[in-house]
Amino acid sequence: MIKLVSDTINNNDIDQLIDWLKTYPRLTKGELTPQLEDKWSNWLGVKHSIFCNSGSSANLLMLWALIEAGRITRDSKVVVPSVAWATDLAPVIQLGMTPILCDSNLEDLSVDLNHLETIFKETKPDVLLLVSVLGLVPDMNCITHLCLKYNVILLEDTCESMGSEFQDKHLGTFGLMSSFSTYFGHHISTIEGGFVSTNDKELYEILKSI
């Protein structure tokens, strides 16, 4: 049997958690949270990161922050790959925007570039929520070029591709914002949790607020 994941938290980790709890610490948004955010940002290579309760919520927060910043509206169109998660499609619908599904290619299971450009030409969306699945790496040169050419905001769902790189640059550093998951079954785990990362100071402040 090939297991999807092995435990990323061992007994030593649990013992350390128990010892930490015995110090009666602040249990949420305490001093460890900004330390973790800073370490994550430094490793990824971005200026700002916000820790949240899940990668799913991170996707919602990215779109919500764009609305709050006035960069998109609830009438905006958002492209979502057909190979994605419910938590990529759901926030688009939840916030009242229009989702447009893009075909996926058979090489890296990301967006089909020909279909993506057709969508950009014909529907003029505001956002592409790119999903990198199973650690696979999309053609980021082509994707970023198309987003620039058609004035589409690129967001990256990198929850399954933490540490994957395109031309020596981490996935999650190509878009305006990126989401990550630290769920129990992912590369590193806080049991439940996630990040939104960005170089945009305004969006960072909005993310911190919401």
Side-chain angles (χ1 to χ4, degrees), residues 28-29 33-34 37 40-41 44 46-102 110-111 115-133 138 140 143-162 171-183 192-210:
T28 184
K29 293 302 259 186
T33 305
E37 291 169 342
W40 176 258
S41 295
L44 184 62
V46 298
K47 294 179 181 178
H48 311 290
S49 294
I50 287 289
F51 184 72
C52 59
N53 64 302
S54 68
S56 304
S57 293
N59 289 334
L60 175 65
L61 287 169
M62 290 194 295
L63 291 169
W64 190 2
L66 288 178
I67 292 173
E68 292 295 325
R71 303 192 194 184
I72 62 173
T73 70
R74 293 183 186 268
D75 294 323
S76 291
K77 300 172 184 175
V78 180
V79 179
V80 180
S82 57
V83 177
W85 306 105
T87 50
D88 295 297
L89 186 61
V92 179
I93 298 170
Q94 181 178 345
L95 292 170
M97 294 179 282
T98 302
I100 302 172
L101 295 181
C102 180
S110 181
V111 288
H115 190 219
L116 182 65
E117 184 163 20
T118 298
I119 289 173
F120 282 4
K121 285 179 181 177
E122 294 181 354
T123 68
K124 296 179 173 53
D126 297 288
V127 178
L128 166 62
L129 179 52
L130 181 69
V131 183
S132 302
V133 300
M140 298 308 300
I143 291 169
T144 53
H145 170 73
L146 288 174
C147 287
L148 184 63
K149 180 179 178 180
Y150 293 98
N151 194 30
V152 176
I153 296 170
L154 174 61
L155 303 178
E156 295 182 74
D157 176 344
T158 328
C159 291
E160 277 212 338
S161 296
M162 186 185 294
L171 294 185
T173 60
F174 291 87
L176 183 60
M177 289 180 280
S178 57
S179 63
F180 293 87
S181 172
T182 54
Y183 172 65
E192 301 284 351
F195 288 103
V196 179
S197 297
T198 184
N199 287 315
D200 190 298
K201 183 70 159 73
E202 180 192 25
L203 290 174
Y204 167 68
E205 295 295 344
I206 292 172
L207 287 163
K208 187 160 57 172
S209 176
I210 61 178

Taking the side chain as every heavy atom from C-beta outward, state whether L155 and L63 have any pair of such atoms under 4.5 Å apart. yes
L101 versus H115, closest heavy-atom pair with distance: O-CE1, 3.7 Å
Who are the side-chain contact (heavy atoms from CB on, under 4.5 Å) partners of S178, not counting sequence neighbours? L44, E156, T158, F180, S197
Smallest heavy-atom separation, I119 atom then P125 atom, equals O-CD, 3.8 Å
Please list, chain by chain and in numerical order, all residues satisfying side-chain contact (heavy atoms from CB on, under 4.5 Å) with N53, sequence neighbours excluded. S57
I want to check something: taking the side chain as every heavy atom from C-beta on, are M97 and D126 in contact at a cut-off of under 4.5 Å? no
Relative to each other, are the rings of W40 and F195 parallel, tilted or perpendicular (30° and 60° limits)? parallel
The side chain to side chain contact (heavy atoms under 4.5 Å, CB included) partner of C102 among T118, V80, L129, V79 is V79
Side chain to side chain contact (heavy atoms under 4.5 Å, CB included) for V152 and L146? Distances and angles first, verdict last. CA-CA 8 Å; V152 176; L146 288 174; over 6 Å; no
Can you tell me which residue pairs pass the salt bridge (charged side-chain N to carboxylate O under 4.0 Å, His left out) test with a partner in residues 60-71, sequence neighbours excluded? R71-D200, R71-E202
Work out which heavy atom in G172 is nearest to a heavy atom in V46; give both atom names and the distance. O-CG1, 4.5 Å
Just to verify, what does Y183 make a side-chain contact (heavy atoms from CB on, under 4.5 Å) with, not counting sequence neighbours? S181, H186, E192
Going from CG on L61 to OG on S179, what distance comes out if it is rounded to the nearest 0.5 angstrom? 10.0 Å
Ignoring hydrogens and angles, tell me if any N or O in the side chain of S209 forms a donor-acceptor pair with the backbone of E205 under 3.5 Å. no
Just how far is it from atom CD1 of I100 to atom CG of L116, taken to the nearest 0.5 Å? 10.5 Å
State the OH-OG1 distance between Y150 and T123, to the nearest 0.5 angstrom. 11.0 Å
CD1 on I72 to CD1 on I153, rounded to 0.5 Å: 6.0 Å
Between V131 and V111, does a side chain to side chain contact (heavy atoms under 4.5 Å, CB included) hold up when you go through it step by step? CA-CA 8 Å; V131 183; V111 288; over 6 Å; no
Can you name the residues that form a ring-ring contact (aromatic ring centres under 6.0 Å, His included) with H48, not counting sequence neighbours? Y204
Please list all pairs passing the salt bridge (charged side-chain N to carboxylate O under 4.0 Å, His left out) test where one or both residues lie in residues 73-91, with sequence neighbours left out. none
Between P138 and L171, is there a side-chain heavy-atom distance shorter than 4.5 Å? yes
Verdict with reasoning, N59 to W85, per side chain to side chain contact (heavy atoms under 4.5 Å, CB included): CA-CA 11 Å; N59 289 334; W85 306 105; over 6 Å; no
Residues L95 and W64: closest non-hydrogen pair is CD1-N, 3.8 Å
CG/L130 to CD1/I143 distance, rounded to the nearest 0.5 angstrom? 4.5 Å
With rounding to the nearest 0.5 Å, note down the distance linking SG in C52 to CE in M62. 9.5 Å
Set out, in order, the CA-CA distance, both residues' side-chain angles and the distance that settles side chain to side chain contact (heavy atoms under 4.5 Å, CB included) for M140 and L154, then state yes or no. CA-CA 11 Å; M140 298 308 300; L154 174 61; 4.2 Å; yes
